[in-house]
Amino acid sequence: MKRTDAPLVFAITSKGDDISNALAQKMKTYLLDFDLRYDEEEPDLVISVGGDGTLLYAFHRYCHRLDKTAFVGVHTGHLGFYADWVPEELEKLVIAIAKTPYQVVEYPLLEVTIRYLNGGSEAKYLALNECTVKCVSGTLVMDVEIRGDLFERFRGDGLCISTPTGSTAYNKALGGAILHPSLEAIQVTEMASINNRVFRTIGSPLVLPAHHTCLLKPVNHVDFQITIDHLSLLHKEVKSIQCRVADEKVRFARFRPFPFWRRVRDSFIAD
């Protein structure tokens, strides 16, 4: 992104603890001293101070303007997967934001469309990490269609549909693969599927390209607990749940290189 004559407009989202709040306030003061403009409604850059959950909150707060807003993360606790900076680098980051044109890296998102039996308005969501589907009680039984064809009848605890960046979150805990975010894809991963002489599921994560749509159709229950990232909602009278690679993308501001595989290594296996 090239810096124009107009001052950069920024906003800061804090985790809310004392350390994050103090750091956020210090950054705000410094950036205002550089004649940048603070605006929580229409920022060019959103600085997330906290952890991955803080950045997820910021993403959903500004998901209506993803083509205009970029994100950068500062982690104040354990190493966050989405956070490039640590508190000790505060002044370096402030100077970079104020003085340096930044690169924009775009990552794919998950679009989830929920349709209802009563003919009501469909609900549409964007997920940065994943969507999960579980029954309110009992076993989840879903017909899984891919590109309009029945693939399998799933029975088990639930299903997780993740983005490439979200592949390192809940999906990884379920045994899913880690996908590089340059891949325009989504991943479908099972939660404790039932496999015996009567019932069969594929048992392996499925990676679907951008032009393939996954449609989940309820078989017995119609009320489901559906999560979109950190948001958990009860949906009643569900007819279908459609998952696909979204047209929209999330934009991250990069002030220095941070290769994806280094990020994975630092987050999970580095000392």
Side-chain angles (χ1 to χ4, degrees), residues 53 56-57 59-66 108-163 165-167 169-171 173-174 176 185-196 198-248 250:
L56 284 173
Y57 170 82
F59 165 78
H60 284 278
R61 180 176 180 181
Y62 294 103
C63 67
H64 62 287
R65 51 178 289 117
L66 294 177
L109 298 169
L110 170 66
E111 178 190 278
V112 181
T113 303
I114 304 173
R115 300 183 176 94
Y116 302 95
L117 292 170
N118 57 18
S121 299
E122 65 186 29
K124 187 170 290 188
Y125 302 92
L126 290 176
L128 177 57
N129 272 359
E130 75 276 306
C131 164
T132 68
V133 182
K134 298 180 182 179
C135 274
V136 177
S137 62
T139 300
L140 178 73
V141 185
M142 280 278 191
D143 281 342
V144 181
E145 293 184 2
I146 300 175
R147 299 195 74 188
D149 292 328
L150 178 64
F151 179 78
E152 69 175 10
R153 177 162 291 183
F154 173 85
R155 292 176 174 85
D157 285 357
L159 289 165
C160 174
I161 302 92
S162 62
T163 65
T165 46
S167 69
Y170 191 25
N171 167 79
L174 294 171
I186 59 173
Q187 185 170 182
V188 182
T189 309
E190 300 176 355
M191 302 178 198
S193 59
I194 298 173
N195 281 281
N196 51 39
V198 179
F199 304 130
R200 284 282 185 273
T201 67
I202 193 66
S204 300
L206 304 175
V207 179
L208 307 183
H211 61 289
H212 288 194
T213 296
C214 175
L215 189 67
L216 308 179
K217 290 185 175 180
V219 175
N220 46 14
H221 300 90
V222 293
D223 296 346
F224 301 97
Q225 199 71 34
I226 300 175
T227 68
I228 304 292
D229 292 332
H230 61 299
L231 309 171
S232 182
L233 299 169
L234 175 63
H235 291 263
K236 293 180 173 291
E237 299 292 310
V238 173
K239 180 181 179 181
S240 66
I241 303 167
Q242 175 183 292
C243 299
R244 60 182 291 271
V245 175
D247 295 329
E248 301 88 345
V250 63

Does Phe154 form a side chain to side chain contact (heavy atoms under 4.5 Å, CB included) with Val188? I'd like the steps, not just the answer. CA-CA 12 Å; Phe154 173 85; Val188 182; over 6 Å; no

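- Of all the heavy atoms in Gly176 and Pro205, the pair that sits closest is CA-CG, 3.8 Å.
- The NE2 atom of His211 lies 5.0 Å from the CZ atom of Arg147; values are rounded to the nearest 0.5 Å.
- Minimum heavy-atom separation, Phe59 to Leu126: CE2-O, 4.0 Å.
- Separating the CG atom in Leu208 from the SG atom in Cys214 is a distance of 6.0 Å, to the nearest 0.5 Å.
- Of all heavy-atom pairs between Gln225 and Ser232, the closest is NE2-OG, 3.0 Å.
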Pair Ile228-His60, side chain to side chain contact (heavy atoms under 4.5 Å, CB included): steps then yes or no: CA-CA 10 Å; Ile228 304 292; His60 284 278; 3.9 Å; yes

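- Checking side-chain atoms of Asp229 against main-chain N and O of Asn129 turns up a donor-acceptor pair under 3.5 Å.
- Checked options Thr132, Thr189, Leu216; the residue passing with Ile161 is Leu216 (criterion: side chain to side chain contact (heavy atoms under 4.5 Å, CB included)).
- In this structure, Thr201 and Arg153 approach most closely via the heavy-atom pair CG2-O, 4.1 Å.
- Side-chain atoms of Thr165 come within 3.5 Å of backbone atoms of Leu128 as a donor-acceptor pair (strictly under, hydrogens ignored).
- How far NZ of Lys134 is from SG of Cys160: 9.5 Å, rounded to the nearest 0.5 Å.
- Ile114 CD1 to Gln242 CD: the interatomic distance, rounded to the nearest 0.5 Å, is 11.0 Å.
- Among the candidates His235, Lys217, Met142, the single residue satisfying the side chain to side chain contact (heavy atoms under 4.5 Å, CB included) test with Ile241 is Met142.
- Rounding to the nearest 0.5 angstrom, the gap separating the CG atom in Asn171 from the CE atom in Met191 is 9.5 Å.
- Partner Phe199 forms a side chain to side chain contact (heavy atoms under 4.5 Å, CB included) with one of Val141, Thr139, Ile194 and no other, that one being Ile194.
- In terms of heavy atoms, Ala210 sits closest to Val245 at CA-CG2, 3.7 Å.
- Each of Leu174, Leu140, Leu206, Leu159 was scored for a side chain to side chain contact (heavy atoms under 4.5 Å, CB included) with Glu190, with one residue passing: Leu159.
- Of the possible polar contacts, none joining the Glu237 side chain to the Tyr116 backbone as a donor-acceptor pair under 3.5 Å is found.
- Under a 3.5 Å cut-off, the side chain of Glu152 and the backbone N or O of Ile202 do form a donor-acceptor pair.
- Nearest heavy-atom pair, His212 versus Ile146, reported as atom, atom and distance to 0.1 Å: ND1-CG2, 4.4 Å.
- For the atom pair Leu234 CG and Asp223 CG, the distance stands at 6.0 Å (nearest 0.5 Å).
- A donor-acceptor pair shorter than 3.5 Å cannot be found between the side chains of Ser162 and Ser167.
- Screening Thr113, Thr227, Leu233 for a side chain to side chain contact (heavy atoms under 4.5 Å, CB included) with Tyr125, the sole residue that qualifies is Leu233.
- No donor-acceptor pair closer than 3.5 Å links the side chain of Asp143 to the backbone N or O of Pro218.
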